Chemist: 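The structure is given below, and queries will be raised subsequently.
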Protein chains: 2
Amino acid sequence: MSLRHALLGLLSEDPASGYDLLKLFENSLANVWPATQSQLYGELGRLADAGLITVRSEGARGRKEYAVTDAGREELRHWLLDVPPVPIRRYDMLLRVFFFGQISADDAIAYLREQQQAAAAEGERLAELGKMIAPHQDNFTVYGRLALEWGLRSSRLHQEWAEWAIGEVKAHDPAANTDPCEPG
Amino acid sequence: MSLRHALLGLLSEDPASGYDLLKLFENSLANVWPATQSQLYGELGRLADAGLITVRSEGARGRKEYAVTDAGREELRHWLLDVPPVPIRRYDMLLRVFFFGQISADDAIAYLREQQQAAAAEGERLAELGKMIAPHQDNFTVYGRLALEWGLRSSRLHQEWAEWAIGEVKAHDPAANTDPCEPG
DNA sequence: CCCTGCATGTAATCCGTTACATGATTGG
DNA sequence: CCAATCATGTAACGGATTACATGCAGGG
């Protein structure tokens, strides 16, 4: 139920419409908690029903601007302070690694190289994001940068691990010829 | 739909019953792709319906031993070689960081310290797991060790990042007094 | 006038979690 | 004989993804 708190958190900084929130997500929370448009509108409805947010004003094209209520602020604080985050361990990418025995060493190495490149690209993307948000000094951006740093370190970890793992696979099957080197 | 492939992968090494697979998961795949008992049995049924596995023999207490079919092996290879893994980005833990502006610097630091300690404990757990599986030399264990190494590196990253982030929060709010030091 | 962007909603489906429900076998 | 373990299944619910569906407003 974290989307609920993501929305409460965004609305705690500034009132906004569903559409606004959707845009706000794109360059910030979507990196740590993706949400689709339909999910977002659905959750806003439920939050309003629960009295955690209210429609502060209605504008053109049916636009509804939401603001948090005191109950909503309370719920957000409770979640921040009392609910321990659940460590997520669900890595599609690592699952495949367990089954490398089912494919050739060359295919395994190709897989790892792709992962390494994907991680490098992700690092690039985050670095760009960092430049883009550089001027802002609001709380949300300041603390978001902590998350960004996590992402940068994580993409480095992915790259370094993949390189290391390629070495391990080669050591395990010296016949692998992806990176040509004189056979002994 | 990765549980499906996790099961195909395990059955590709050795035929097993649902119960066996459940036990096999515990110290290996559960670290990268958790699954509950009910999910597992459900998926086995669907895999059998789809002809990717078959009941090779029925034993005592209703035990059904499954084995992969050729179609199942093919599906596994296809998944390993042709389906790019989806990078998961859903970090409950980082989501909270964005909203540090809603709590005190001391509370934020306490949160980060808890994360650091949780990561240290996770590192310990994985190190123990590494010792436990040390003697085995089957494919599954050999490649699983690559995933284990990822986990060890990841837990180090978490710890180092948390330490760094604590420093950032302190720099941002010098009044924070969690780690007492003479005020200038 | 038309396209783009603003703006909101519903429905189907899948996957995962939790809980419930049952029963056979083996070892102490 | 009793407890632990082996062994399989079903049902309810919630969250996420995808697709569908609609319509207004402003700028060129």
Side-chain angles (χ1 to χ4, degrees), chain A residues 1-8 10-11 15-26 29-50 52-66 79 83 85-92 95, chain B residues 1-8 10-11 15-26 29-50 53-66 79 83-92 95:
Chain A
M1 268 216 314
S2 290
L3 173 59
R4 149 161 295 206
H5 301 103
L7 293 174
L8 284 173
L10 283 177
L11 290 173
S17 69
Y19 194 82
D20 293 341
L21 291 165
L22 199 60
K23 296 292 150 189
L24 273 173
F25 251 75
E26 273 171 19
L29 299 190
N31 291 291
V32 299
W33 202 269
T36 60
Q37 173 260 8
S38 55
Q39 214 185 337
L40 203 148
Y41 281 106
E43 194 61 43
L44 282 172
R46 265 169 263 134
L47 278 163
D49 289 348
L52 302 178
I53 63 176
T54 44
V55 177
R56 132 183 296 219
S57 70
E58 305 207 19
R61 280 170 286 194
R63 175 190 167 93
K64 292 186 213 162
E65 196 170 72
Y66 292 98
W79 175 75
V83 183
V86 277
I88 302 284
R89 31 164 174 265
R90 202 158 231 127
Y91 304 99
D92 203 353
L95 181 55
Chain B
M1 267 217 313
S2 289
L3 174 58
R4 149 162 296 208
H5 301 103
L7 294 175
L8 284 173
L10 283 176
L11 290 173
S17 69
Y19 193 83
D20 293 340
L21 292 165
L22 198 61
K23 297 292 151 188
L24 274 173
F25 251 74
E26 274 171 18
L29 299 190
N31 291 290
V32 300
W33 202 269
T36 60
Q37 174 260 6
S38 56
Q39 214 186 336
L40 204 149
Y41 281 106
E43 194 61 43
L44 283 172
R46 266 169 262 134
L47 278 162
D49 288 349
I53 61 176
T54 44
V55 178
R56 130 182 298 220
S57 70
E58 306 206 18
R61 280 170 288 199
R63 175 191 167 92
K64 292 186 214 163
E65 196 171 72
Y66 292 98
W79 176 74
V83 183
V86 276
I88 302 286
R89 30 164 174 264
R90 201 159 233 125
Y91 305 99
D92 202 354
L95 181 56

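In what follows, chains are A, B, ... by sequence order, proteins preceding strands, each numbered from 1. Side chains included, hydrogens not; waters and symmetry mates left out as well; all remaining heavy atoms used. Predicted model, so just to flag it, every value in this text is computed and none were measured.
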Chemist: Just to confirm, is there a sub-4.0 Å distance from OP1 or OP2 of D:dT8 to any side-chain nitrogen or oxygen of B:Tyr41?
Modeler: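 True: B:Tyr41 side-chain N/O within range (under 4.0 Å) of D:dT8 OP1/OP2.
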Chemist: Determine: side-chain N/O of B:Arg63 to OP1/OP2 of D:dG9, distance under 4.0 Å, yes or no.
Modeler: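 The answer is no; no side-chain N or O of B:Arg63 sits under 4.0 Å from OP1 or OP2.
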Chemist: Can you tell me how far C1' of D:dT5 sits from CG of B:Asp20, to the nearest Å?
Modeler: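 For the pair B:Asp20 CG and D:dT5 C1', the rounded distance is 13 Å.
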Chemist: With a 4.5 Å cut-off on side-chain heavy atoms, are A:Leu29 and A:Leu24 touching?
Modeler: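 Sidechains of A:Leu29 and A:Leu24: no contact.
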Chemist: Step by step, work out the side-chain contact (heavy atoms from CB on, under 4.5 Å) result for A:Leu21 and A:Tyr41.
Modeler: CA-CA 10 Å; A:Leu21 291 165; A:Tyr41 281 106; over 6 Å; no
Chemist: Hey, does the side chain of B:Lys23 come within less than 4.0 Å of D:dT5's phosphate (OP1/OP2), counting only N and O?
Modeler: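 No, B:Lys23 has no side-chain N/O under 4.0 Å of OP1/OP2 on D:dT5.
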Chemist: Would you indicate which nucleotide in D:dC6, D:dG9, C:dG9 comes nearest to any side-chain atom of B:Arg61?
Modeler: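 Minimum distance to the B:Arg61 side chain belongs to D:dC6.
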Chemist: Roughly, in whole Å, what's the span from CG in B:Leu40 to C1' in C:dT17?
Modeler: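 Answer to the nearest Å: 14 Å.
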Chemist: Assign A:Arg90 to base, sugar-phosphate, or nothing according to its heavy-atom contacts below 4.0 angstrom with the strands shown.
Modeler: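 Sugar-phosphate contact only - A:Arg90 comes under 4.0 Å of backbone atoms but never of a base.
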Chemist: So what does B:Ser38 touch, heavy atoms closer than 4.0 Å: a base, only the sugar-phosphate, or nothing?
Modeler: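 Base contact - B:Ser38 has a heavy atom under 4.0 Å of at least one base atom.
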Chemist: OH of B:Tyr19 versus C1' of D:dG9: gap in Å, rounded?
Modeler: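 So the two atoms are 15 Å apart, to the nearest Å.
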Chemist: Please state how far atom CD in B:Glu65 lies from atom P in D:dC6, giving the value in whole angstrom units.
Modeler: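 The distance from CD of B:Glu65 to P of D:dC6 comes to 15 Å, rounded to the nearest Å.
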Chemist: Looking at every heavy atom in both B:Asp92 and A:Trp79, which two are closest together, and how far apart are they?
Modeler: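 Minimum heavy-atom contact is OD1-CZ2, 3.7 Å.
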Chemist: Nearest-Å distance, CD (A:Glu58) to C1' (D:dC24)?
Modeler: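 So the CD-C1' distance, A:Glu58 to D:dC24, works out to 15 Å.
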Chemist: Could you check if a side-chain atom of B:Leu3 sits within less than 4.5 angstrom of a side-chain atom of B:Gln39, using non-hydrogen atoms only?
Modeler: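 Contact flag for B:Leu3/B:Gln39 side chains = yes.
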Chemist: Testing B:Leu44, B:Asp20, B:Thr54, B:Leu7 for side chain to side chain contact (heavy atoms under 4.5 Å, CB included) with B:Tyr66, which one passes?
Modeler: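 That would be B:Leu44; it is the only one of B:Leu44, B:Asp20, B:Thr54, B:Leu7 passing the side chain to side chain contact (heavy atoms under 4.5 Å, CB included) with B:Tyr66.
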Chemist: I want to confirm an ordering. Mapping A:Met1 and A:Ala60 to their closest nucleotides on DNA chain D, which one lands closer to the 5' end?
Modeler: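 Closest to the 5' end, via its nearest nucleotide, is A:Met1.
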Chemist: Please determine whether any donor N or O and acceptor N or O are separated by less than 3.5 Å between the side chain of A:Gln39 and the base of D:dG15.
Modeler: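 No, no donor-acceptor pair under 3.5 Å.
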Chemist: Does the base of D:dG15 carry an N or O that pairs as donor and acceptor with the side chain of A:Glu43 under 3.5 Å?
Modeler: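 No such pair is found, so the answer is no.
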Chemist: Roughly how many Å is it from CG in A:Asp92 to C1' in C:dC15, rounded to a whole number?
Modeler: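 Rounded to the whole Å, the gap is 14 Å.
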Chemist: Please state how far atom CG in B:Leu22 lies from atom P in D:dT8, giving the value in whole angstrom units.
Modeler: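 The distance from CG of B:Leu22 to P of D:dT8 comes to 9 Å, rounded to the nearest Å.
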Chemist: What is the distance, to the nearest angstrom, from the CG atom on A:Leu44 to the P atom on C:dG9?
Modeler: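 Distance check: A:Leu44 CG to C:dG9 P gives 8 Å.
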